[in-house]
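Notes to accompany the following structure.
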There are 2 protein chains.
Amino acid sequence: MSWRKDHRRPERGYHHGNLKEALLQAALGLIAEKGAAGFTFADAARSAGVSPAAPYRHFRDRDELLASIAQRGFEQFEAVLTRAWDDGRPDTVSAFERVGRAYLAFARDEPAYYSAMFESGLPTDVNPMLSAASERAFSVIRAAAERLAALTPPGVARPPALMMALHIWSMSHGIASLFGRGDAARRKMPMSAEDLLEAGVLIYLRGLGFPTDRRSPEDPNAPTGRPRGPWDQKSAT
Amino acid sequence: MSWRKDHRRPERGYHHGNLKEALLQAALGLIAEKGAAGFTFADAARSAGVSPAAPYRHFRDRDELLASIAQRGFEQFEAVLTRAWDDGRPDTVSAFERVGRAYLAFARDEPAYYSAMFESGLPTDVNPMLSAASERAFSVIRAAAERLAALTPPGVARPPALMMALHIWSMSHGIASLFGRGDAARRKMPMSAEDLLEAGVLIYLRGLGFPTDRRSPEDPNAPTGRPRGPWDQKSAT
DNA sequence: AACTCATGTGAATGGTTTTTACATGAGCAC
DNA sequence: GTGCTCATGTAAAAACCATTCACATGAGTT
């Protein structure tokens, strides 16, 4: 049952056996703990139980390790967004909102990945593998926007899907960066990041001519009430 | 004999005379050059022509210097946004868009400040002066949103101004972070960051019920043309 | 002129990055 | 099994940075 010295740490011989993976995991933990800037190469080596020079057998330098993490992050991000999109089921608009929530959930649940992906100051364009992975993640949002754009009601101008995707991505990224994480940079928030994003997306879609009110336009429950907006969806009192 | 200061500075006595300011300026240049992460305390000292220990007479540590820069950045940011808002002249909506463009212009023209403010990983809440400065900058956007919210057409639900401000800020910040800077993280962009933000804001405002089309609704130049959206505002062919 | 104290220096400590020469042992040929 | 080879790990060292401490300087004050 013991295939490699993968499991436990019985007695690490001279060779680690799986150092590259161990370094990635160690770095991930350290970034989550002390931020992308505070993470050090030597610390990762110490975490993995090897000398400070060992990592250089697997990564050219600290930046390459960071880039590997960012790339893996984009791959997981793509998977998460793809699953949330679920090819637009059960309906395009609600699947689209699910993608938005998945975006925020990823930023919150995987701060280390998110940090490496967006806040590590890595030059994105010099690493083709990295920028390709990033592009694939974005293409999920873009594909969803294409489907949404195709649903534009008749008589309404059809927006460019790429522009829609960039808007939604920007708002998601802005909310995640400014308000999305645990306790950092938190301001007086009247609502959760998720609700903020959902309301923003609904308002935006309404601005494009989509009908987004899930209540019937003439709500029998509020015949004389004030007009309602998408931001009321969760605040029914 | 070797000059004590590598640069031609008239005052080269034992005391610098204005070291704190010189360090701030030096750090600003270094951050612009090598990013917030790459900037080193010793480098700033060298730039100012003093020993590596001298900066400790003015800043507790590297983070405090970074925080000082971030604070000054928020102050300049506030001034820039306030000037752009110009108390809502000549009309609220166009002044609001001017604020958005000013946001992007600041991120582009002052990457060092922007980096220190938003990308340096500083704990915002532990420094009261810093978070207050950040709050004051945000309050400009918030005040503009208040004025905008007050203009909600009759019969349309009035959105919470704070929510509007958070949405606009998020989109601005997202665009600035993802697409706003010189050559970093640039993707296939169908339009400039400024136009992207302007279109996004107009669509968002339309979603809130604001009339935003600057063309007359029945445009005589396009009597049989396709329907138009805010994204067409700049693309008149 | 003498005193004081903010401000700057030099040196020392301990950590990080990265390179270089060397050590180990896993996989493979035989 | 024996012996070869090479990927992988180590130790040592140079260069750099953050931080501290004892000490030096000189500007402002008395």
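Below, chains carry the letters A, B, ... as their sequence lines are ordered, and counting in each starts from 1.
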statement: Closest heavy-atom pair, Leu65(A) versus Ala27(A), reported as atoms and distance to 0.1 Å, is CD2-CB, 3.4 Å
query: So, Arg72(A) and Glu78(A), do they make that salt bridge, N to O below 4.0 Å?
result: no
task: Round to the nearest Å and state the distance from Glu64(B) atom CD to dA18(D) atom P.
output: 15 Å
Measure all distances between protein nitrogen or oxygen atoms and nitrogen or oxygen atoms of nucleotides 11-16 of chain C, and list the pairs falling under 3.5 Å.
from: dT16(C); atom 1: OP2; to: Arg46(A); atom 2: NH2; distance (Å): 2.8

query: Going by the ring-ring contact (aromatic ring centres under 6.0 Å, His included) test, which pairs reach into residues 17-38 of chain B, not counting sequence neighbours?
result: none
- prompt: With a 4.0 Å cut-off, would you call Glu194(B) and Arg108(B) a salt bridge?
  reply: yes
statement: When rounded to whole Å, the CZ to P distance for the pair Phe59(A) and dT18(C) reads 13 Å
Under 3.5 Å: donor-acceptor pair, side chain of His173(B), backbone of Gly174(A): no
- prompt: Do Lys20(A) and Phe59(A) meet the cation-pi criteria used here (NZ or CZ under 6.0 Å from the six-membered ring centre, within 45° of the axis)?
  reply: yes
message: Rounding to an integer number of Å, can you tell me how far Leu66(A) CG sits from dT17(C) P?
response: 11 Å
- prompt: Which whole-number value in Å describes the distance from Tyr56(A) OH to dA13(D) P?
  reply: 18 Å
statement: Note: Val99(A) and Ile141(A) closest approach over all heavy atoms is CG1-CG1, 4.5 Å
- request: Kindly give the heavy-atom pair with the smallest separation between Ala67(A) and Leu130(A), and that separation in Å.
  value: O-CD1, 4.0 Å
Between protein and nucleotides 4-8 of chain C, what N or O pairs are separated by less than 3.5 Å?
from: dG8(C); atom 1: OP1; to: His16(B); atom 2: N; distance (Å): 3.1
from: dG8(C); atom 1: OP2; to: His58(B); atom 2: NE2; distance (Å): 2.6
from: dG8(C); atom 1: N7; to: Arg57(B); atom 2: NE; distance (Å): 2.9
from: dG8(C); atom 1: O6; to: Arg57(B); atom 2: NH2; distance (Å): 2.1
from: dG8(C); atom 1: N2; to: Tyr14(B); atom 2: OH; distance (Å): 3.1
from: dG8(C); atom 1: N3; to: Tyr14(B); atom 2: OH; distance (Å): 2.8

